[in-house]
Amino acid sequence: MKNKKNDKKHHYFKLNADDILEIVCHHLADQEELGTYNSKLTFIDEGNDELRIVAAFGELEDESITELDLFKLDKEIDYNGDHANIPEGCNLDPTNPETREKVKRLLDKIKNGEKIIH
């Protein structure tokens with residue numbers, strides 16, 4: 001993917017839905033070491049700021065993967081991505097001054113050899 005609108009410090013991208021799904025598809029296939037596969041992916045957006053992707057993979061010859069109802073599958077499975085089990089309190093907003101101060105205090109404690117217990 002070539003991007004000609006770059007400067008010396010930044011790279012800019014504007015991806016449409018198909019690009020995003022392709023990137024996610026390749027990432028998941030590589031992560032699971034699937035080799036050759038058949039897949040079906042879609043976005044689920046219920047208008048509540050919880051946009052998600054539901055994906056199904058199968059053997060290359062498995063045409064039944066294209067018949068799957070991903071909206072039904074969405075209701076049957078739990079989140080299982082890399083960030084699915086991170087507690088809400090761990091999602092830090094780096095633009096929030098309180099968050100930056102909290103992280104700074106924790107780093108100081110670590111540098112001073114103090115134990116961090118929550």
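Using a 4.5 Å cut-off on side-chain heavy atoms (C-beta onward), Leu51 and Ile44 make no contact. Glu32 is not listed as a side-chain neighbour of Tyr37, based on a closest heavy-atom distance of 4.5 Å or more. Contact check for Phe57 versus Ile65: no side-chain heavy atoms found under the 4.5 Å cut-off. Using a 4.5 Å heavy-atom cutoff, the side chains of Leu41 and Val24 are in contact. Side-chain contact check for Asn38 versus Glu59: every heavy-atom pair is 4.5 Å or farther apart. Side-chain contact check for Glu46 versus Arg52: some heavy-atom pair is nearer than 4.5 Å.
Ion pairing between Asp19 and Lys14 fails under the 4.0 Å rule for side-chain N and carboxylate O.
Between the SG atom of Cys25 and the CG atom of Leu34 there is a distance of 9.0 Å, given to the nearest 0.5 Å. Rounded to the nearest 0.5 Å, atoms CD1 (Ile77) and NZ (Lys72) are 13.0 Å apart. Rounding to the nearest 0.5 Å places OG1 of Thr66 at 5.5 Å from CD of Glu63.
No single ILVMFWY cluster, assembled from side-chain heavy atoms under 4.5 Å apart, contains both Leu28 and Leu73. The hydrophobic clustering, which links ILVMFWY residues whose side-chain heavy atoms are closer than 4.5 Å, places Leu21 and Ile23 together. Neither Leu70 nor Ile53 shares a network with the other; the hydrophobic side chains, linked directly or stepwise wherever heavy atoms of I, L, V, M, F, W or Y lie under 4.5 Å apart, form separate groups for each.
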